[in-house]
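Everything numeric in this text was worked out from a predicted model, so none of it was measured. In this chain, residues are counted from 1 in sequence order.
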Amino acid sequence: MFVSQLTSLDTMGKENNLPHWLGKLPEEREGRGEVSEVVPPPASWLCVAPQLDFAPAEAGCTRDRERKQPHEKMHAGRRVEDLPTPAFTVDLELVKKNAQEMTERFRALGVNLRPHMKTHKTLEGGDLMTGGTRRRIVVSTLAEARFFADGGFDDILYAYPLPFDKVDVCAALTERLESFHVLVDSPEALALLQRRPLHGGKRWKVWLKVDCENGRGLRHTDPAALELAQAIAAGPTELAGVYAHCGNSYHCQGVPDIQTVARSTTQQVLQFTEK
């Protein structure tokens, strides 16, 4: 069991090329509710390390970008028991299996899958979840959007209500990529897009965020939601889709409760799109 490498983005929006280690958290985390001994994982497991604000004290390692050694060389070939912590294990074969099953399920339903990248924040995870196409993904921040765009992903939905001070950043991504989608939940946000024409004959691809009992977006029963959808479709913008966030599933107790929320949200979104 040896070190492998992924390319990821940390929660602060910085690119993280630190090695992704194999193994579970050893005794350094004892007393915090995690495991207190090394448990050798299957050979297929990868392990993800968080972004560090300093360079590990390894020979030949320095913060000088021109002189530092590639991170993967610092730990390549070392045993799990000898690796630094903290570390987070991932069963790669299980991830591949889950991604494939989800892809096949959506294909059978005749629906395009647009998976979210915000949890793993890795190019490799994105490859698995898109079947290698690197198209149709969702992100939560513009840092994530730039990271995946730089990694070759070319159809990205920025699933956060348009920040009024980030229109130019969104415009640059829209003009750069084949498809970059933004999300709005107010007429004011739409007006900002309408006042910012795009170069190259492009149109803004806009999703409307609706509230399906989760407290985010315009209520799906509110006439204002339908009016905003019609305004998006009628102007120099394109109504690309309707988006709902199942935040009301956070406090569910078990899978049946989560499935109930998912079915209810799906039904309410479909009812809205049929208006």
Side-chain angles (χ1 to χ4, degrees), residues 13 106 110-118 126 129-130 133-247 265-275:
F106 272 69
V111 178
N112 289 325
L113 173 63
R114 187 178 286 273
H116 214 307
M117 303 290 109
K118 69 177 182 180
M129 296 174 77
T130 62
T133 66
R134 296 202 165 192
R135 296 188 58 77
R136 291 197 298 270
I137 65 170
V138 184
V139 299
S140 286
T141 70
L142 289 172
E144 292 172 6
R146 287 190 292 263
F147 172 75
F148 282 99
D150 290 344
F153 287 76
D154 204 27
D155 184 345
I156 301 173
L157 166 60
Y158 173 37
Y160 185 85
L162 179 72
F164 289 4
D165 62 338
K166 297 295 189 296
V167 174
D168 286 342
V169 178
C170 292
L173 283 164
T174 302
E175 292 165 351
R176 169 187 173 186
L177 300 176
E178 180 177 334
S179 296
F180 182 74
H181 309 244
V182 295
L183 188 72
V184 302
D185 60 1
S186 70
E188 292 77 14
L190 177 60
L192 287 175
L193 297 177
Q194 293 172 335
R195 292 198 295 268
R196 177 49 167 94
L198 298 169
H199 301 302
K202 284 198 166 185
R203 300 172 66 197
W204 288 102
K205 295 181 182 295
V206 184
W207 291 58
L208 173 65
K209 186 167 188 177
V210 295
D211 174 4
C212 296
E213 316 302 336
N214 52 57
R216 301 188 185 188
L218 288 170
R219 290 277 299 174
H220 66 285
T221 56
D222 188 342
L226 181 58
E227 292 172 4
L228 183 54
Q230 292 170 338
I232 295 170
T237 51
E238 174 187 340
L239 181 59
V242 177
Y243 189 95
H245 174 74
C246 295
T265 301
T266 300
Q267 183 180 23
Q268 291 170 12
V269 169
L270 291 175
Q271 288 174 348
F272 177 79
T273 60
E274 292 170 356
K275 292 182 179 179

If you look only at distance, which donor and acceptor atoms sit under 3.5 Å apart when one is on a side chain in residues 164-171 and the other is two or more places apart or in another chain?
residue : atom : partner : partner atom : Å
Asp168  : OD1  : Arg196  : NE           : 3.1

Min side-chain heavy-atom separation [X]-[Y] under 4.5 Å:
X	Y	value
Asp154	Arg135	yes
Leu173	Arg146	yes
Thr141	Tyr160	no
Val139	Phe147	no

Donor-acceptor list for residues 223-240 side chains, cut-off 3.5 Å, not counting sequence neighbours:
residue : atom : partner : partner atom : Å
Thr237  : OG1  : Ile232  : O            : 2.7
Glu238  : OE1  : Lys205  : NZ           : 3.4

Nearest 0.5 Å please: distance from the [atom1] atom of [X] over to the [atom2] atom of [Y].
X	Y	atom1	atom2	value
Thr130	Phe153	OG1	CZ	5.0 Å
Leu142	Glu144	CG	CD	9.5 Å
His245	Thr265	NE2	OG1	10.0 Å
Lys209	Ser186	NZ	OG	12.0 Å
Trp207	Leu183	CH2	CG	9.0 Å

If you take all heavy atoms of [X] and [Y], which pair is closest and at what distance?
X	Y	answer
Glu175	Pro197	OE2-O, 4.4 Å
Met129	Pro115	CE-CB, 3.4 Å
Arg195	Leu192	NH2-CD2, 3.1 Å
His116	Ser140	CE1-OG, 3.0 Å
Ala149	Ile156	N-CD1, 3.9 Å

Hits for ring pair (Phe, Tyr, Trp, His ring centres under 6.0 Å) against His220, two or more places apart or cross-chain, chain-then-number order -> none
Ring pair (Phe, Tyr, Trp, His ring centres under 6.0 Å) filter on Tyr243, not counting sequence neighbours, yields none
Sorted by chain and number, sequence neighbours left out, side chain to side chain donor-acceptor pair (under 3.5 Å) with Arg114 holds for Asp155
Listed partners of Arg219 passing side chain to side chain contact (heavy atoms under 4.5 Å, CB included), at least two apart: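 Listed in chain order: Asp211, Glu213, Thr221, Asp222.
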